[in-house]
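Here's the structure we're looking at; comments come further down.
The figures that follow rest on heavy atoms only: side chains count, while hydrogens, waters and symmetry mates do not.
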Amino acid sequence: MEVCEAFDRIVEQRRSIRAYREDPVPQSLMSHIFGNALRAPSNCNTQPWYVHIVTGELLEQLRKELPEKFAAGEVEFDYPYEGRYHGVFKERQYGAAKALYDALEIPREDKARRAEWFLDNFRFFGAPACAFFTLPAEFGLREACDLGMYAQTVMLGLTAHGLGSCPQTSLGFMANVLRPALKLPEDQKLMFGLSFGYPAEDPVNEVRTDRAALADAVFFHQ
């Protein structure tokens, strides 16, 4: 029972962290967490994922370069982004954005401050580490699901060890910069990034987004 309760707490505690302390994450701990997550399931046990973890000088270089390139419109995707939502999905997106900007005390009409804060995505929210997740170039939707299961296992592992993380589709917008910086081989495509580290005490880290009711998402058939 204690194991079950511990797992429930980890799932409940995981949330997107957008402010970090400067403390570096020991490489031995990163190796343990990302290595343990390799137990994640995948179709036919193909394990179709690669992870490139960046810290130190290279991360600081990217922290400076990525916002400048994005602001200049120098954007390139390895995978198309079609993030258009409607109905209840749009409502959830709006609710999450409202909770976030309310915590930041940035009103909806202050477009300039919102745009500037969005650039913090490309500064990794001050995190001391970022993991970039890639797939073999020939793979598609099915293998992307496998990658998602691996990434979720990583995030739960980070939470269990007192770390926080934020999965960022936005980092997938910058394949033009990240591909040469990470020396990605041609047979890998960048899907997204995951900033992580020790959470800072900051109001933005207290944001908790709503979740759908069980009856709206899970259906039992007999």
Side-chain angles (χ1 to χ4, degrees), residues 4-21 25 33 37 40 66-67 70 79 81-133 141 144-174 191-219:
C4 296
E5 291 173 353
F7 178 76
D8 288 347
R9 284 197 299 272
I10 291 166
V11 172
E12 290 168 1
Q13 289 171 5
R14 192 221 63 80
R15 61 187 184 276
S16 292
I17 297 297
R18 297 182 175 88
Y20 295 87
R21 306 200 316 252
V25 182
I33 293 170
L66 290 179
F70 181 82
Y79 292 97
Y81 179 71
E82 299 173 349
R84 297 180 179 86
Y85 306 109
H86 61 275
V88 67
F89 309 108
K90 182 68 175 178
E91 292 171 11
R92 292 170 184 166
Q93 180 191 37
Y94 175 80
K98 184 178 186 304
L100 177 62
Y101 285 111
D102 283 352
L104 293 165
E105 299 183 346
I106 303 177
R108 184 177 178 84
E109 61 272 13
D110 195 339
K111 304 296 185 184
R113 280 182 66 200
R114 287 195 171 202
E116 176 57 30
W117 189 85
F118 181 78
L119 290 179
D120 271 358
N121 277 280
F122 306 106
R123 302 183 186 104
F124 316 109
F125 300 115
C130 187
F132 297 94
F133 294 80
L141 182 61
C145 294
D146 295 336
L147 176 60
M149 289 188 283
Y150 173 70
Q152 171 70 351
T153 307
V154 168
M155 287 187 280
L156 293 178
L158 290 167
T159 301
H161 286 271
L163 295 154
S165 64
C166 186
Q168 295 166 258
T169 297
S170 55
L171 294 176
F173 299 175
M174 308 304 297
M191 180 65 77
F192 62 92
L194 180 77
S195 296
F196 66 95
Y198 295 99
E201 292 186 10
D202 190 291
V204 74
N205 286 341
E206 301 306 315
V207 173
R208 302 292 298 222
T209 52
D210 294 333
R211 289 295 184 267
L214 179 69
D216 292 333
V218 180
F219 305 92

- prompt: Rounded to the nearest 0.5 Å, how far apart are SG of C130 and CZ of F124?
  reply: 5.0 Å
Atom of V154, atom of A37 and distance for their closest heavy-atom approach: CG2-CB, 3.5 Å
- prompt: At what distance, to the nearest 0.5 angstrom, does CG of N121 lie from SG of C166?
  reply: 7.0 Å
message: Please report whether the ring centroid of Y198 lies less than 6.0 Å from that of Y20.
response: no
task: Answer whether the closest heavy-atom distance between the side chains of S16 and P167 falls below 4.5 Å.
output: yes
Taking every non-hydrogen atom, the tightest pair across L171 and L194: CD1-N, 4.5 Å
query: Is there a side-chain contact between Q168 and F125, using heavy atoms and a 4.5 Å cut-off?
result: yes
Within residues 149-163 or reaching into it, pairs that qualify as side-chain hydrogen bond (donor to acceptor under 3.5 Å, both in side chains) - sequence neighbours excluded: none
- line: Hits for salt bridge (charged side-chain N to carboxylate O under 4.0 Å, His left out) against D120, two or more places apart or cross-chain, chain-then-number order -> R123
query: Is any side-chain heavy atom of L163 closer than 4.5 Å to a side-chain heavy atom of I33?
result: yes
- request: Count the heavy atoms of every other residue, nucleotide or ligand shown that sit under 6.0 Å from CG of D210, and state whether that count exceeds 12.
  value: no
- prompt: Would you say the side-chain atoms of D202 pair up with the backbone N or O of A19, donor to acceptor, closer than 3.5 Å?
  reply: no
message: Nearest 0.5 Å, please: how far is NZ in K98 from CZ in R108?
response: 10.0 Å
- request: May I have the step-by-step check of side chain to side chain contact (heavy atoms under 4.5 Å, CB included) for L66 and L119, ending in yes or no?
  value: CA-CA 9 Å; L66 290 179; L119 290 179; over 6 Å; no
query: Should R114 and L104 count as side-chain neighbours, where that means a heavy-atom distance under 4.5 Å?
result: no
task: Look at the side chain of R15 and the backbone N and O of N205, then say whether any donor-acceptor pair between them is shorter than 3.5 Å.
output: yes
- request: Would you check if the distance from the ring center of F70 to the ring center of F118 is below 6.0 Å?
  value: yes
- request: Please report the closest heavy-atom contact between P199 and R21, naming both atoms and the distance.
  value: O-CG, 3.6 Å
- prompt: Could you go step by step and tell me if F192 and L147 meet the side chain to side chain contact (heavy atoms under 4.5 Å, CB included) rule?
  reply: CA-CA 10 Å; F192 62 92; L147 176 60; 4.1 Å; yes
- prompt: How many angstroms lie between atom CG of L141 and atom CG of D146, to the nearest 0.5 angstrom?
  reply: 10.0 Å
- request: Among V207, D110, V204, I106, find the one that has a side-chain contact (heavy atoms from CB on, under 4.5 Å) with Y101.
  value: I106
task: Rounded to the nearest 0.5 Å, what's the gap from CZ on F122 to OG on S195? Could you check?
output: 10.5 Å
task: Can you establish whether the number of heavy atoms outside R208 located under 6.0 Å from its atom CZ is more than 12?
output: yes
- prompt: If you round to the nearest 0.5 Å, how far is NZ of K111 from CD of E116?
  reply: 16.0 Å
Let me have the donor-acceptor pairs involving side chains of residues 90-97, under 3.5 Å, with sequence neighbours excluded, atom names and distances please.
unit_1: K90; atom_1: NZ; unit_2: Q93; atom_2: OE1; d: 3.3

